[in-house]
Amino acid sequence: MPAGAEPGEEPRDGDEAAEEPALPARSGEAGGGEGEDGREQAGRVVRQPDPQLRVPAVHDGERPPHGAEDHRRAEGDGRGDRPVHRGVSQAAGRLEGGIGVTEDAREDLNFVMKARREKLDALVAQGVAPFAYGFDRTHLAADAVALLGDAPDAEGPEVRVAGRLVAWRAHGKTTFAHLGDPSGRIQLYFRKDGIGEAQWAMLEAFDLGDIVGVRGPLFRTRTGEVTVRVEAVEMLAKALRPLPFGKEEVVDGKVVRHSAFSDGEMRSRQRYADLAVHPEVRALFRARSMMTRAIRTFMDARDFLEVETPVLQPLYGGALAKPFVTHHNALDMPLYLRIADELYLKRLIVGGFDRVYEIGHDFRNEGIDRTHNPEFTMLEFYQAYADYTDMMELVEALLIAAATAVREAIAGSDVAADVPARDPAVLAGPFPRVEWLPALSTALGVADVTAMTDAELRRAAERAGVHGIGSLSRPKLMDELFQFHVESKIERPTFVVDYPKELSPLAKPKRGNPALTERFELFARGRELANAFSELNDPIDQRARFEAQARLKAAGDEEATSVDEDYLRAMEYGMPPTGGVGIGLDRLFMYLTDTPHIRDAILFPTMRPE
RNA sequence: GACCCGGUAGCUCAGCUGGUAGAGCAACGGACUUUUAAUCCGUAGGUCGCGGGUUCGAGACCCGCCCGGGUCACCA
């Protein structure tokens, strides 16, 4: 019964991500070429400066829609009559309405945002639609940069690139900027006499964070940077809210960010902003996706069938944890969000799917901390006619595949260079295997830990700094000692096998030694990455264990489960011997990328409401 | 749950043993046609997390609360 590892820790910044499908070609020439088809026509319509059409929705409760009324207010404080200004706002600002942001803070931010609304108005007044319908880009930034190759000083081919303005340096009648897209960034060069008066006027309404498209030939600047000599520019989406960009400089080849968006909580809450300004965060989450893809490929290649089992369950089981409870109105009954996939996956084994796996979310109604998110991603897989030794080989190969995928995904990115996924040792099998009892005996310097008296065990526990020794049972004492002396010191991926029966009530007894069970856990850097068993397939034994759980539940144990009669019925039809594994993917990813906080390994972690 | 640290301008932070708040960056205005943390000049921007208390006077001290981070415990 793989209760599997749970989710893990946190990432820091990674570096940019990669490809992204090209936008559907749509608009005509940058800066307002003529469209050629009906859809283009449609786009044009919105280009008409119609104040009614473009009035954005009210921002938050207290913010009035921009428009005439807003302007009056602006004039009231002496700012409304200012001309539209040039230059792009460099950095940023925290986003309005963040946790802890007080009323007055919003007032201030509105002051900043007001300038952007004015620029929006200015664009419309110029006949420019601030929110476009498409852009037929020809190159991603990185591809465009590569396009020029080593060409010395000649002008390169014309390109059309699109993305977010991530840096802006205005110098009077010339401006340098950087455009960021999923592939990286590319420098843009605007000259007043190069793009003409009309477009130059448009630039004055541009801000950092705006999404724009440009057209122009590539060239190399005096300093050698591949740059687009912009001949036409199009506003594709005006950013009405400042993104918290920090300023960046390159020192010894590394990007150093100043005044960065560093509030971890805010970054999690507004992941979109975190991702928008931190390419390395995009790279990290892209790596996570690549890890998941690699795992699917791995399982599929071995004839495992990916299945989906119920998230809403009338009974929860497969692990020991407090569930989330909800209610189905039509059935008028409680339903639980699953705490594990196990019992349904094994029903499928009974049904004849000999190899199944599921990657899905489990939910546990417990605290939130560095390594726990209420919902987390679990991989479980079951293989009929296999035992735990077979599963060990599978887990080893799977981990190597996952590490390889992550390593390849972060290659060349700013994700820390010393993460385990980059460590060849992680990719080298076979992983060491240590037997539970002998390992503990060795660590304690005794011949056989089971021969120690209770008093000796307690003394050893005291030396290990174990708390509440008096109330611990003998097996539990040994478990504490094991965690202290063995688990916590495991650095590279290592299998711990053959757990004492008392510590693994859900696994089959070990052949030849009923005091042990056929179970293994995979540890690395002192953390559990996988948990697996030779699965229990004796329905009579299973019923006894369910009943024991039910008694605990009746006695008030919130983590205990009930007797799952349907599951027993399935098992009574006959379940083949089966090996099962559970791996918490959040935690696996945390391990591979050395991410200390689970919040940073999950795109949208569970947060307290703002 | 216990303990420790923190919450000051949009961002990152400073504010010494109490004397009603500062810097850099951002914003806004001005200058600048090859810059890259662009530079230079100027302007504006803060109920110092919230509520009490001590004091002539509190961002600083005391009490309570909220939020965040960490350590431990719990859990796995």
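When reading the values below, keep in mind they use all heavy atoms of this one structure, side chains included, and skip hydrogens, waters and symmetry mates. Chain identifiers are assigned alphabetically (A, B, ...) following the order of the sequence lines, protein sequences preceding nucleic acid strands; residue numbering begins at 1 within each chain.
- Counting only heavy atoms from C-beta on, Gln187(A) has its side chain closest to U35(B) among U35(B), G70(B), U12(B).
- The pair Arg185(A)-Glu248(A) counts as a salt bridge, with a side-chain nitrogen and a carboxylate oxygen less than 4.0 angstrom apart.
- Of all nucleotides listed (U33(B), A38(B), A76(B)), A76(B) comes nearest to the side chain of Glu521(A).
- Checking A38(B), A76(B), U34(B) against every side-chain atom of Thr221(A), the shortest atom distance belongs to U34(B).
- Picking from U34(B), C28(B), A26(B) the nucleotide with the shortest atom distance to the side chain of Ala115(A) gives C28(B).
- When the C1' atom is used for both G1(B) and C48(B), the distance is 31 Å, rounded to whole Å.
- When rounded to the nearest whole Å, the span between CG of Asp369(A) and P of C3(B) equals 19 Å.
- Leu203(A) places its CG atom 13 Å from the C1' atom of U33(B), with the value rounded to the nearest Å.
- Here G70(B) presents its C1' atom at 13 Å from CZ of Arg599(A), a figure rounded to the nearest Å.
- Rounding to whole angstrom units, CZ of residue Phe176(A) and P of U39(B) are separated by 15 Å.
- One can place CZ of Phe376(A) at 12 Å from P of A76(B), the figure rounded to the nearest angstrom.
- When the P atom is used for both G19(B) and A26(B), the distance is 32 Å, rounded to whole Å.
- One can place CG of Asp362(A) at 13 Å from C1' of A76(B), the figure rounded to the nearest angstrom.
- Cation-pi geometry between Arg229(A) and Phe219(A) is met: under 6.0 angstrom from the ring centre, within 45 degrees of the axis.
- Atom-to-atom, NE2 of His171(A) to C1' of A37(B) comes out at 12 Å; the value is rounded to the nearest Å.
- Side-chain atoms of Thr174(A) stay outside donor-acceptor range of the base of U34(B), with no qualifying N/O pair under 3.5 Å.
- Distance CZ (Arg267(A)) to P (G68(B)): 17 Å, rounded to an integer number of Å.
- Comparing the P positions of U12(B) and U20(B) gives a spacing of 27 Å, expressed to the nearest Å.
- Taking atom P on both G15(B) and A60(B), the two are 15 Å apart, rounded to the nearest angstrom.
- In this pair, Trp168(A) and Phe206(A) present their aromatic rings tilted. The plane angle is within the 30 to 60° band.
- When distances run from any side-chain atom of Glu265(A) to the nucleotides C75(B), U12(B), G68(B), the shortest one goes to G68(B).
- Residue Arg222(A) places no side-chain atom within donor-acceptor reach of the base of U34(B), judged by atom type and a 3.5 Å distance cut-off alone.
- The base of U34(B) is not paired with the side chain of Glu225(A) by any donor and acceptor separated by under 3.5 Å.
- For Glu249(A) against A38(B), no side-chain N or O and base N or O form a donor-acceptor pair under 3.5 Å.
- Side chain of Thr561(A) to backbone of Tyr316(A): no donor-acceptor contact under 3.5 angstrom is found.
- Arg599(A) contributes no side-chain N or O that, together with a main-chain N or O of Asp369(A), makes up a donor-acceptor pair within less than 3.5 Å.
- A cation-pi geometry, defined here as NZ or CZ lying under 6.0 Å from the six-membered ring centre and within 45° of its normal, holds between Arg519(A) and Tyr499(A).
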